[in-house]
Amino acid sequence: MDDDIPATTLPAGARQDAPPPLVLRFEDIGAEMLPLVGGKAANLGVLTTAGFPVPPGRCVTTEAYRRVTERTALKDLLTALATTPAEDVVTLSALAAKAREAVLAAPVPDDIADAARSGANGPVAVRSSATAEDLPHASFAGQQDTYLNVIGADAVLDAVRRCWASLWTDRAVAYRAANGIDHGAVRLAVVIQEMVSSEVAGVMFTANPVTGRRHEAVIDAAPGLGEAVVSGAVNPDHFVLDTATGRITERRLGDKRVAVRSLAGGGVEHVETPADPVGRACVTDAQLGALAELGDRVERHYGTPQDIEWAIDAAGALWLTQARPITTLYPIPHHAEPAASPAGDAPASGGPRTGDTRIYFCFSLAQGLHRPITPMGISAFRLLSSSVFETLGMPVADRAAGAPPVAEAGGRLFFDVTGLIRSRVGRVAFPKVLDVMEARSAKVLRGLLDDPRFGVTQPSLRPTLRRAARIAARFHIPRRFVRALRDPASAHRDVALLRERMRGRLPAPRGATPAERLDHVERMLGGQIFPLLPAIAPAAAAGFAMLGLAALVLGDRARPGELETVLRGLPHNVTTEMDLALWRLAARVREDGETVSLLLGTPATELAERFHAGTLPGVLGDGLADFLSGYGVRAVAEIDLGLPRWSEEPAHILGVLANYLRLEDPALAPDAQFARGAAEATVMIETLGGRAGGLRGRLVRFALGRTRALAGLREMPKYVVVTALAAMRAELLAVGAELVSRGLLSRADDVFFLTFREAREAAAPTAGGDGPVSSLAPPEAAAHPSEVAVRPAPAELVTWRREEAARESRRRHVPRVLLSDGTEPEATAVRSPVDGALTGTPASAGTVTGVARVVLDPVGARLEPGEILVCPSTDPGWTPLFLTAGGLVMEMGGANSHGAVVAREYGIPAVVGVSGATEHIVTGQEITVDGASGVVTT
C-alpha cells in the first residue's frame, strides 16, 4: 500500500524550512511527532519501528487538517467554546454541531485530496488520531470516529473528511471540557491502515483495570473484527492471566452472539452467530499465552501498562492494531531517592524490596485532603517524617528524602505500613487507631491480615515496649499526664507557654539570604517542630483516657450516644474557638446595615481585594483583621504549605461570613447551640454519675469532668504544626520572590512547585541549571536521563507541575489502601447500597431529616441553615460550614476524625465513612441521617 505514497511527503532529506508533510508512513513516525500525527499514529509509529506486528499504514497529518479548517468559522466557535462551562452540555452540543458542519463544508485542496487518496489499494481502516488522544493522562478512547473496511480512493477521502469532523462530536467536546483541554489546541490527523481480516479479535489490558493489579493481563475476545468487543456489542470470552507465569487465573466464556464482519463492497455488518452448544473459547490457551507475552513486551517498551487492541487472522498471525496507556490506574507509590553519600553510594531508601509486596496507606485522605499536595508541601512532610522517626529513636539516612515509609503517588502522600501489619503489636493497634480516624481504611487493612504475604514476622512485644518507655521517659509523658489530671489549668498554661516559645523561633533572622532561609525552614521542619508535640499531647490523651475510664466503669449503664453528649460544647478546642470568633464577627457586622448589604451583594474575591487595599468598612475590615491575626494561619487543605493561608486569601472566610448573615433563627445561632451543647453535657455527667451511684458515681463525675477540661486540646498539636507551616510558607515566599527577581520564576508562589533541593540549587549564586535530571522532572525527561544533559529550568518544571497538579485535581477516586503491585483491596469490597440505605460509621448521635447539600470544595460553598452537608471529607477549613448544618455525611473518616469530633461538639447528627455518598446523594434530595446507627436513608 505504501508504494504509492508521493516521496515529497516524507521527512527524509527534507529542508528545515520545508512545510510539514501531508502524509507520513508509520516507519517514519516517532514519538516526538505527536503534534503532527496525533496520539494514535504516534503510538503505531513507535510500535512499528520497535518491530511489533503492526499492520502497515500511513498518516494524513494535522497539517492537512489545519489547512482545510483555517478558513472556516471554527475560530469564532472556539471563542464560544472556551467560555462555556463543562456542565453546560446543551450549549456545548450546539456549538459542536456547528463545528462539525463547518469542517464538512470546507473545501479540500487538490494536493491534500491527492495525499489522502494516495495508496488506497485494498480495504483499509480509516481512524482518527487527535493530538489529545492516547496520552498518559487522557485516553480519549472512542471520542473520535473510525471507519472500517473502506474500499476505493474516493471512499477513503470521504472517510478522512468525516474523521476530521469527528474531532467535534458532542462526546469529544464534552470530554475535553471535563478534562480542561483547550479545544483550540487540539488538531486531528487520520490513520489509514491495512485491514486485518481477523478470525478473532479483541482487547487486552496489561494490568487489571478493576483491581489495579499490575502484570495481570485481562483479555476479551470474540470472533470477527475487534469492533464488536470495543463497542460492547458482544458478550465476549473473558480471560485473566498472570503475565509472569502465563497461568490463566480466570476463564469466563461469553455467548458471542454477535460478530462484526467485513462486507465485500466495503463497510461492515453485524452478524448474529449461533450459540456454541459445546461452549468453546474462541481463542486457544496457546494464543492467550502469546497475547499475554506480546502485551508484556509492549508494556516493557513503554514502561507503563497498556490498553491494546489485537487481531488474529485466518493464518493464525497475531497483529497489534493499537496500544495506548491505561489512564484509569492509580500510580503505584514511590519512595524518594536519598542523596548520595560522600563516598558516592546512595543509602537505602526504605522502598520495597524486589518481589516483596508492600501495603501503602493514603495519609492524604486520612487528613481529609483529596487534592494533590504541592511538591514543596510533600518535601515538607518528608522533613517532618524524618523528625518523627528521629524523635522515636530511629535515625534517618537523608532527612530531605524522609523516613523510609513515606511514599508519594499522584501528588498524594502514602505510608508503607507493611511493617506495622507484620508486627504483632502494629496489626492490632494501627487498625484500632484508624477506627477513630479513618474507619474504612481500618476495615480494608483488617481484610489483609489473613493474607499470607503479610503474616506476622515481628511477634515480640519487647522492642515496642522498650521504645515506648524511652520516649515516655525522654518527654516526661507520665509526669505530664498525671499533672494534667491533677491540675488541668496547669496543663493549659504549659501548652500556652510552649506555643509562645515556638512562635519566637519560627521567623528566620532579618536579612537572611535565600539559602539561609531554606536552611532555617529545613532545620525547623526537620528537627524543631515535632519534638514539641509529645509535650502537648499528654493532656488531651489524659482527657480521652478519662472518657474511656468512665465508659469502663459505667458498662451497659451508659446508653448509645450518651457518652458522646459529654463531648458537646467542649471548651479549649482551638478550632471551635475559631468558629465562634467568626460568628461573633458576623454578629457585629449584622448591626451595620450598609456593611451587610455590601457583604451579601459583592463577590467574595472582590471583597478580599478591598480588604488588602484597606477599603472595607471599619466594622468588617478591622474585625476581619483581628480574626486573621489569630487564625489567618489556617486554610482549607492547610497541611499543604504550598496553599495560601486565609491571611493571604480571605475570600473563603468572607463567603462564610455572608452565609452566617443569612441565619435568621436565633435558636440556630452557633453560640446558642454551643452553649446548649455545653449545658446538655453538664446534665449528662450528672445523669451518668447518678445512674452509677456511690463511689462509682463520684469516679464517673471526676473522669468526665476531666474529659471536658482536657479533651478539647486534641486539636492543639495539629494547630501547632499548621502555625509552623504558615510561618515556613512565608519564608519560602521570600525565597520565591528572590528567584523571581533573578528571572528564574514567574511568580513567588511558583517556589512551591519545586522541592527543597531544587529551590536550593536555583537559589545558589552560581545556579545555572546544570546537574542531573530531577526525580520529579517531566516524564519525558526522566524516561531518558542519558539523553538529557541538564536539569530542566525551574520555570519549565513549574509549568509542567502546575499542569500535572491540575490534571490530578480532577481525579475523582484516590485509593485509601494500595498494594505495591497496584491492587486496590477495597475495589472488590465496596457494594452498592441496598434499598436506598447507605451505611457508614456512627459519629454523632441523633437523627435529622433535611435537604442534602453535596459540597466537593468548601471555598465559596453556601449552606442554608438546616441543610445536611454531604462531602468527601473535611479538615478545619470546612468547619465554619458546620455551624449552619443540620447534619453531616462524609465519605471518609472515623468516629474520632476531625469532622466527627466537631459534629459532636455542635450536636449535629453525623455519619462518616459512607462509601460513594457524594455520588449516591444529590443536592436537594431529602435524606435522613441517623448518627447513632450509622445509616443514611434517601
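All values below come from the heavy atoms of this structure, side chains included, with hydrogens, waters and symmetry mates left out. Worth saying up front: this structure is predicted, and the values here are computed from it rather than measured.
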Side-chain heavy atoms of [X] within contact of [Y], under 4.5 Å:
{"X": "Val103", "Y": "Leu167", "answer": "no"}
{"X": "Thr211", "Y": "Glu216", "answer": "yes"}
{"X": "Trp310", "Y": "Ile219", "answer": "yes"}

Identified side-chain contact (heavy atoms from CB on, under 4.5 Å) counterpart of Met195 within the set Ile151, Leu225, Val150: Leu225
Give me the one residue out of Leu188, Val186, Leu81, Leu95 that meets side-chain contact (heavy atoms from CB on, under 4.5 Å) with Trp168. Leu81
Please determine whether a side-chain nitrogen of the Lys or Arg among [X] and [Y] lies less than 4.0 Å from a carboxylate oxygen of the Asp or Glu.
{"X": "Lys98", "Y": "Glu101", "result": "no"}
{"X": "Glu824", "Y": "Arg213", "result": "no"}
{"X": "Arg251", "Y": "Asp285", "result": "yes"}
{"X": "Asp145", "Y": "Arg162", "result": "no"}
{"X": "Asp111", "Y": "Arg67", "result": "yes"}
{"X": "Arg324", "Y": "Asp307", "result": "yes"}

So, the side chain of [X] versus the backbone of [Y]: is there a donor-acceptor pair under 3.5 Å, distance only?
{"X": "Arg161", "Y": "Leu104", "value": "yes"}
{"X": "Asn149", "Y": "Gly267", "value": "yes"}
{"X": "Arg801", "Y": "Thr799", "value": "no"}

Is the CZ atom of Arg71 crowded by more than 12 outside heavy atoms at less than 6.0 Å? no
Side chain to side chain donor-acceptor pair (under 3.5 Å) partners for Asp242, two or more places apart: none
Cation-aromatic face contact Arg252/Phe239, 6.0 Å, 45 degrees: no
